[in-house]
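One structure is given here, and the rest of the page talks about it.
Numbered from 1 within each chain, the chains take letters A, B, ... in sequence-line order. Remember, it's a predicted structure, so these values are computed and weren't measured experimentally.
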Protein chains: 2
Amino acid sequence: MPSPAGVTDLRKSTHAIPDATVARLPIYHRVLTSLLESGVESVSSHELAEVCGVNSAKLRKDLSHLGSYGTRGVGYRVEYLLFQIAREIGYAQDWPVVIVGVGNLGNALAGYAGSADRGFRIVGLIDSDSDLVGQTIAGVEVRDLAELETVIAEHSASIGVIATPASAAQAVCDRLVASGVTSILNFAPSVLTVPQGVDVRKVDLGTELQILAFHQQQRAEGLRTRKTSKRTSPSTALENIS
Amino acid sequence: MPSPAGVTDLRKSTHAIPDATVARLPIYHRVLTSLLESGVESVSSHELAEVCGVNSAKLRKDLSHLGSYGTRGVGYRVEYLLFQIAREIGYAQDWPVVIVGVGNLGNALAGYAGSADRGFRIVGLIDSDSDLVGQTIAGVEVRDLAELETVIAEHSASIGVIATPASAAQAVCDRLVASGVTSILNFAPSVLTVPQGVDVRKVDLGTELQILAFHQQQRAEGLRTRKTSKRTSPSTALENIS
DNA sequence: CAGACTTTGTGCGATCATTCACAAGCGTTC
DNA sequence: GAACGCTTGTGAATGATCGCACAAAGTCTG
């Protein structure tokens with residue numbers, strides 16, 4: 001995970017939800033939403049775990065970090081659990097997000113986070129290409145790179161997305177941080193340097209492919225093997241729901 | 001990280017490179033490439049680690065899994081180390097990749113993996129939209145969804161990328177697997193069910209944002225704290241190189 | 001050629017994550 | 001209302017990953 005803790009003593013005392021758990025909460029949330037829409041009122045940890053593709057014990061432990069929201073012998077009330085997870089991950093907050101770089105990737109992101117109400121609101125699209133500036137994408141007008149600070153201040157955005165070429169990433173990052181952004185999602189294939197207190201997550205398409213390629217190669221080398229990877233997933237029984 | 005092992009006894013006996021290490025090799029590779037282009041011939045683990053944003057001990061341990069490619073008292077020869085990492089992750093193999101779903105995201109991927117020679121070759125772009133079929137993107141013609149099996153067979157592709165809406169993801173996945181694809185990169189926000197032996201990696205933009213939002217909320221709650229997250233990164237001294 | 005200095009490679013303990021296995025608790029049935 | 005069956009919540013075991021600290025092994029200097 002993905003990532004070195006990053007919790008202080010103080011935060012740990014109040015909440016103390018492991019990073020690994022936090023990374024899975026959005027999945028639970030999505031699946032539960034889907035269940036709710038299907039009219040399912042209650043699920044057991046086994047059912048939910050299968051659909052989410054995780055071990056049921058892990059799921060229960062994850063949920064236990066939020067509180068005791070299940071009923072023994074019965075399971076979890078979908079609506080109630082959904083509400084609790086949503087509260088925990090700040091779903092209802094409608095976080096203002098600024099996206100820098102409106103190429104294909106930025107476009108995809110704008111459409112994704114913009115349309116589906118996932119608890120985010122795109123408040124700014126920034127690009128340096130004068131042909132793009134002024135256009136409206138997903139209901140938001142693209143503004144010039146020079147206005148980055150203005151846009152952030154206007155909406156008090158604290159989450160920024162970098163979807164620029166790698167060469168521009170660090171400069172953009174610096175300006176985001178200087179403007180008060182404390183959470184950054186970086187799609188550029190470069191390592192960002194940020195001051196303490198700023199949270200950076202990196203998503204690198206090339207890296208993901210290379211990891212797959214590695215496993216693929218391993219598989220090719222171990223020719224005479226039967227089972228290679230055991231990253232299996234749920235079996236059947238999820239067509240019933242979604 | 002991201003992910004539950006997925007190594008068999010047999011594979012472990014031959015190589016045994018931890019997943020966490022594999023996930024970092026592409027980063028080392030990219031940084032080393034950049035160093036090589038800058039004319040740097042040799043690096044110490046400290047220098048390299050700083051630029052990569054990792055602990056130097058961790059970097060050395062990672063590299064030690066590949067073999068003893070450093071020289072004590074000196075460091076690592078950039079070119080040699082680069083070659084070894086490239087060999088390990090199958091960089092020179094030019095893996096044939098098929099992308100299903102040519103929306104903004106698929107487009108971005110095609111441009112990314114297609115242009116930069118990262119060890120991949122886009123051999124197929126598939127979409128069900130008849131307006132897209134026939135167009136040429138990043139030098140590859142978009143083919144109809146019906147031809148998925150044909151395209152995969154033509155190029156013996158074993159890596160597939162799903163960039164479709166969530167509703168189509170599982171169906172596409174099933175067809176990929178049936179056609180012999182054993183590594184899948186899934187961008188759709190849905191949990192895929194695959195038979196044993198198939199490797200799936202998931203990249204979910206919404207999830208990433210929600211994880212950031214969670215940390216952001218934590219920070220907001222712990223108002224009177226000073227240090228919140230300590231996910232810091234390299235300091236200075238990387239302008240010298242890249 | 002010896003001694004000082006540098007940097008790798010790694011043994012070890014600490015931390016974090018996963019999984020097992022079971023007691024505690026709830027509903028249902030008789 | 002007591003006994004049974006089911007499912008949660010969690011202690012404890014296992015496993016993976018990380019980071020320190022240091023010996024081994026090389027370069028450089030005089």
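Judged as a side chain to side chain contact (heavy atoms under 4.5 Å, CB included), and not counting sequence neighbours, the contacts of B:Pro165 are B:Ser167. Remark: B:Arg175 engages B:Leu145, B:Leu148, B:Glu149 in a side chain to side chain contact (heavy atoms under 4.5 Å, CB included) (not counting sequence neighbours). Residues passing the salt bridge (charged side-chain N to carboxylate O under 4.0 Å, His left out) test with A:Asp94, sequence neighbours excluded: A:Arg121. With sequence neighbours excluded, the residues that form a side chain to side chain contact (heavy atoms under 4.5 Å, CB included) with A:Ser190 are A:Ala166, A:Ala169, A:Asn186, A:Ala188, A:Leu192. In this structure, the side chain to side chain contact (heavy atoms under 4.5 Å, CB included) partners of A:Ala57, at least two apart in sequence or on a different chain, are A:Asn55, A:Arg60.
Between the CG atom of B:Leu66 and the P atom of C:dT10 there is a distance of 12 Å, rounded to whole Å. Whole-Å rounding puts the B:Arg77 CZ to C:dT7 P distance at 16 Å. Spacing between atom NZ of A:Lys61 and atom C1' of D:dA13 amounts to 11 Å, rounded to whole angstrom units. For the pair B:Asp19 CG and D:dG15 P, the interatomic distance rounds to 16 Å; values are reported in whole Å. Rounded to whole Å, the distance from NE2 on A:His65 to P on D:dG11 is 11 Å.
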If you restrict it to nitrogen or oxygen atoms, what contacts under 3.5 Å exist between nucleotides 21-25 of chain D and the protein, and what is each distance?
from	atom 1	to	atom 2	distance (Å)
D:dA21	N6	B:Arg60	NH2	3.3
D:dA24	N3	B:Arg72	NH1	2.7

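Summary of the strand contacts: A:Ser64 and B:Ala20 both lie near DNA chain D, and taking for each the nucleotide with the nearest heavy atom, the more 5' one is attributed to A:Ser64.
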